Colleague: 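Below you will find the structure I want to go over with you.
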4 protein chains.
Amino acid sequence: MTKQELIDAALLHYSLHGYQGATMKKIADEVGIKPASIYFFYENKEELFIAAFQQLLDNHQKEMERVFNQSQGKEIDQIFISIIHGIVAYHKDDERGTIAYISLLTSPIPEIKKFLQAHMLHFNDWLTHSFEVLINSNYSAISEEEVDFVIKQFVLLANGIFWSINLYDGEVFEEQVKVAENYIHNIFKDLNNKYKKRNGVKEGLVVY
Amino acid sequence: MTKQELIDAALLHYSLHGYQGATMKKIADEVGIKPASIYFFYENKEELFIAAFQQLLDNHQKEMERVFNQSQGKEIDQIFISIIHGIVAYHKDDERGTIAYISLLTSPIPEIKKFLQAHMLHFNDWLTHSFEVLINSNYSAISEEEVDFVIKQFVLLANGIFWSINLYDGEVFEEQVKVAENYIHNIFKDLNNKYKKRNGVKEGLVVY
Amino acid sequence: MTKQELIDAALLHYSLHGYQGATMKKIADEVGIKPASIYFFYENKEELFIAAFQQLLDNHQKEMERVFNQSQGKEIDQIFISIIHGIVAYHKDDERGTIAYISLLTSPIPEIKKFLQAHMLHFNDWLTHSFEVLINSNYSAISEEEVDFVIKQFVLLANGIFWSINLYDGEVFEEQVKVAENYIHNIFKDLNNKYKKRNGVKEGLVVY
Amino acid sequence: MTKQELIDAALLHYSLHGYQGATMKKIADEVGIKPASIYFFYENKEELFIAAFQQLLDNHQKEMERVFNQSQGKEIDQIFISIIHGIVAYHKDDERGTIAYISLLTSPIPEIKKFLQAHMLHFNDWLTHSFEVLINSNYSAISEEEVDFVIKQFVLLANGIFWSINLYDGEVFEEQVKVAENYIHNIFKDLNNKYKKRNGVKEGLVVY
DNA sequence: GATGAATGAGCTTTCATTCAT
DNA sequence: TATGAATGAAAGCTCATTCAT
């Protein structure tokens with residue numbers, strides 16, 4: 001379906017050369033049609049990119065959900081570590097998408113910022129709630145503040161890893177991930193000492 | 001001096017609208033000259049922006065050095081925390097510059113990427129070396145690996161905070177900083193237990 | 001029938017935005033079909049507009065004939081005044097058509113100008129002949145030159161009123177009409193003094 | 001001066017092919033520059049045409065004033081006849097301008113309609129006032145209503161002649177002018193019978 | 001009858017750049 | 001130093017038209 005091909009081509013050239021650099025001609029060439037034909041599918045360049053960015057954010061959300069769900073059934077520290085690995089895998093696998101994702105922050109299309117903010121809010125809500133459920137199902141009698149603090153630590157780590165993806169390669173980056181893993185271990189070692197762990201709950205846990 | 005004004009204007013419009021959005025006309029208007037006159041100072045747009053980005057990175061380096069030096073003379077954990085605050089202050093104070101800094105990663109000018117990578121390498125070397133000196137001057141008999149690990153933890157935290165600057169506002173962000181502070185405290189609480197602290201060394205330390 | 005709807009839509013958009021402004025898309029939208037479908041009914045845009053303009057001119061001719069015939073059976077000065085009112089009513093009632101009619105004079109389609117000229121000639125012939133019959137049937141022994149002169153005065157007045165329609169509104173225009181009525185009265189007051197009026201002829205008059 | 005050449009070229013092509021037909025390319029070709037160069041002188045197409053139409057209307061106003069002033073010093077009926085001839089000469093001399101003038105009525109540029117209406121109001125005021133002064137200076141004790149009526153008759157005639165310019169050629173048109181002349185004669189023959197003519201005033205008359 | 005999909009030609013406009021002055 | 005005037009190249013976009021289905 002050409003609409004999808006157009007979105008892919010749009011994101012490709014956006015990640016390579018930015019919004020102004022992703023010309024209708026380049027996008028059309030990529031798909032194998034003429035620039036005028038794009039206008040049969042999308043009203044104008046902005047509409048095409050709104051659709052493209054919308055998809056980028058939707059995919060991000062879905063992928064993060066997949067990563068989260070796939071990690072269930074392990075020890076809780078391993079779940080958090082898996083999520084870090086999932087985030088890394090997702091962004092390393094789709095560097096184009098990641099670059100596009102980052103540069104949305106400086107997007108010249110005002111409407112895009114609205115989408116981005118809405119996505120961020122929704123994503124944060126989902127993440128927070130999912131983690132709350134997860135942590136509470138692992139520790140009985142854990143205080144709300146403690147849950148909140150765990151999540152904040154994880155978010156800070158995840159942000160650190162995310163930005164490291166864009167800065168470092170190879171071994172340097174691998175060691176950043178190890179540092180994050182170590183930190184996560186420590187978080188839960190402390191929790192295990194403070195709160196009684198629940199039993200037999202995890203296998204039944206389904207997030208949603 | 002008009003060259004400096006041109007660089008400032010270039011960075012201003014780059015941060016607002018990206019490379020293609022920072023037109024020679026807008027930059028000239030900002031400075032109060034005509035576009036044709038820019039070519040008296042710079043060969044072309046790319047040369048102007050190379051100079052501008054060079055300056056941006058130099059400023060960043062200098063500012064980070066200033067932050068580092070200004071933090072000396074305190075307890076070592078307070079030094080690291082001060083540096084975090086310094087980074088935050090610097091980027092919060094110059095959001096335009098920060099946006100420009102981030103979008104250099106997706107710069108359409110190949111030569112720029114070279115500059116950015118060179119800067120990153122140099123900045124990392126400086127940071128690593130400065131921290132090595134700092135840590136070694138605080139703990140005697142600390143192993144190289146341990147020093148390395150401390151630095152990596154700090155870098156991960158700093159990256160997390162840096163990205164958080166771009167995502168969160170107000171209280172949400174403040175709490176991220178507190179989480180980072182808490183983490184730093186713990187790093188050095190552990191170190192203090194493991195290694196003997198040196199005395200009276202700090203005042204002699206100068207980082208450059 | 002779609003052909004008629006297309007003509008109506010074409011004239012509507014022509015009167016609103018001119019020939020180039022009346023796009024195949026707008027015309028198709030108006031009728032509720034797709035632009036490609038127009039080509040089933042008309043070879044191309046020019047053909048459609050030739051048909052549309054042809055109809056516009058035919059309607060004009062028919063309407064003027066209707067106005068003329070409807071006015072029969074009155075005193076001769078009242079007939080001419082009725083015709084003025086008929087012209088005004090026709091054009092005020094269909095301002096779109098009138099604007100289209102006027103802008104045919106500046107039509108970018110050469111073939112249209114031919115149609116317009118042919119229509120004008122035919123219309124003039126009809127008008128002149130109809131008025132000749134009418135005047136001769138009212139006055140015996142009236143000279144050909146005098147008949148001609150009456151017609152020319154009327155045509156000048158009618159043209160004045162026609163252009164006034166496009167320039168003035170409300171009371172200003174109403175008074176223009178009154179001036180024309182007064183003039184017509186005077187024409188026939190003079191004629192009545194100079195020529196003997198015929199009796200009982202009018203019912204036999206049929207104009208076609 | 002290129003700005004003036006651009007306006008002339010714009011009006012030429014507007015009169016030939018309408019607003020959409022007067023492309024920036026054609027106008028540039030006419031002047032001997034490239035389309036992009038037009039934008040050095042005018043912000044965009046609309047600005048160019050606003051300037052062009054403004055000039056067209058200004059010229060019209062000035063020319064009508066010149067015609068009016070040049071006619072002074074004759075018998076009053078000859079003055080009105082001279083004005084008719086002046087209008088005819090002006091429009092016959094500049095048929096392009098006249099066609100442009102007419103098609104302003106259906107202009108697709110909203111701002112143009114504002115200009116046109118303002119011009120019409122101003123022109124009407126000037127005409128009415130000039131004629132009032134002229135008539136009052138020729139007839140003592142003439143009533144306001146009578147002056148008004150004379151002006152309205154003239155306006156109707158002038159509109160009739162104006163529209164005839166666009167419809168008829170050669171002898172047919174000449175005879176329309178003669179009909180108008182005859183009508184004007186009659187207006188003032190009647191006035192001369194009703195009102196005492198003033199003496200020795202006309203040479204001192206200055207209109208403005 | 002109707003249209004989804006495509007396109008060539010051409011439009012207005014922007015922009016980095018040049019060059020004589 | 002500075003700029004008025006110009007331009008080539010390319011951008012986004014429109015539109016009449018085609019054609020297989």
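The basis for the numbers below is simple: all heavy atoms, side chains too, and nothing from hydrogens, waters or symmetry mates. These numbers come from a predicted model, not from an experiment. Labels below follow one simple rule: chain letters A, B, ... track the order of the sequence lines, proteins then strands, and each chain is numbered from 1.
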Colleague: Base, sugar-phosphate or nothing for D/T23? Non-hydrogen atoms, less than 4.0 Å.
Modeller: sugar-phosphate
Colleague: Can you list the steps and then say if B/H60 with B/L56 is a side-chain contact (heavy atoms from CB on, under 4.5 Å)?
Modeller: CA-CA 6 Å; B/H60 178 254; B/L56 183 75; over 6 Å; no
Colleague: Just by distance, do the side chain of C/K45 and the backbone of C/A22 share a donor-acceptor pair under 3.5 Å?
Modeller: yes
Colleague: Does A/K3 reach the main-chain N or O of A/L48 with its side chain, forming a donor-acceptor pair under 3.5 Å?
Modeller: no
Colleague: What residues form a side-chain hydrogen bond (donor to acceptor under 3.5 Å, both in side chains) with D/T98, not counting sequence neighbours?
Modeller: D/H91
Colleague: Would you tabulate the side-chain donor-acceptor contacts of residues 25-32 of chain D under 3.5 Å, counting partners in other chains and residues two or more places apart, or write 'none'?
Modeller:
| residue | atom | partner | partner atom | Å |
| --- | --- | --- | --- | --- |
| D/K25 | NZ | D/D29 | OD1 | 3.4 |
| D/K25 | NZ | D/D29 | OD2 | 2.8 |
| D/K26 | NZ | D/G21 | O | 2.9 |
| D/E30 | OE1 | D/H13 | NE2 | 2.9 |

Colleague: According to the Watson-Crick and G-U wobble definition with distances under 3.5 Å, which dot-bracket string, read 5' to 3', encodes DNA chain F, using [ ] for crossing pairs and | for pairs with another strand?
Modeller: .||||||||||||||||||||
Colleague: DNA chain E: D/A36 or A/K34, which has the more 5' nearest nucleotide?
Modeller: A/K34
Colleague: In whole angstrom, give the distance that lies between atom NE2 of B/H17 and atom C1' of E/dT14.
Modeller: 15 Å
Colleague: List the steps, then state whether side-chain contact (heavy atoms from CB on, under 4.5 Å) holds for A/S103 with A/Y19.
Modeller: CA-CA 9 Å; A/S103 54; A/Y19 185 72; over 6 Å; no
Colleague: Quick one: do B/N59 and B/D94 satisfy side-chain contact (heavy atoms from CB on, under 4.5 Å)? Show the steps, please.
Modeller: CA-CA 11 Å; B/N59 277 354; B/D94 181 20; over 6 Å; no
Colleague: Rounded to whole Å, please give me the gap between CD1 in D/I27 and C1' in E/dG10.
Modeller: 15 Å
Colleague: Evaluate side-chain contact (heavy atoms from CB on, under 4.5 Å) for D/H119 paired with D/Q54, printing each intermediate quantity in order.
Modeller: CA-CA 9 Å; D/H119 168 78; D/Q54 188 72 272; over 6 Å; no
Colleague: What is the distance from NZ of C/K25 to P of E/dT3, rounded to the nearest Å?
Modeller: 12 Å
Colleague: Between C/Y42 and C/F49 (judged by ring centroids, cut-off 6.0 Å), do the two rings come close enough to count as a pair?
Modeller: no
Colleague: Considering residues at least two apart in sequence or located in another chain, which fulfil the side-chain hydrogen bond (donor to acceptor under 3.5 Å, both in side chains) criterion with D/E95?
Modeller: none
Colleague: Residues from residues 39-56 of chain B sitting under 4.0 Å of DNA chain F, heavy atoms only?
Modeller: B/F40, B/F41
Colleague: For the pair made of OH in D/Y19 and P in E/dT12, what is the distance, rounded to whole Å?
Modeller: 8 Å
Colleague: So, taking the atom named CD1 in C/I7 and the one named CD in C/E5, what distance separates them when rounded to the nearest 0.5 Å?
Modeller: 11.0 Å
Colleague: Could you say whether C/G21 or B/S37 is positioned toward the 5' end of DNA chain F, judged by the nucleotide with the nearest heavy atom to each?
Modeller: B/S37
Colleague: Could you give the CD-to-P distance, from C/Q20 to E/dA9, as a whole number of Å?
Modeller: 19 Å
Colleague: How would you give the extent of chain D contacts on DNA chain F, as first and last nucleotide 5' to 3' within a 4.0 Å heavy-atom cut-off?
Modeller: F/dG4 to F/dG8
Colleague: Need to verify one output field. Residue with the more 5' nearest nucleotide on DNA chain E, D/K26 or C/P35?
Modeller: C/P35
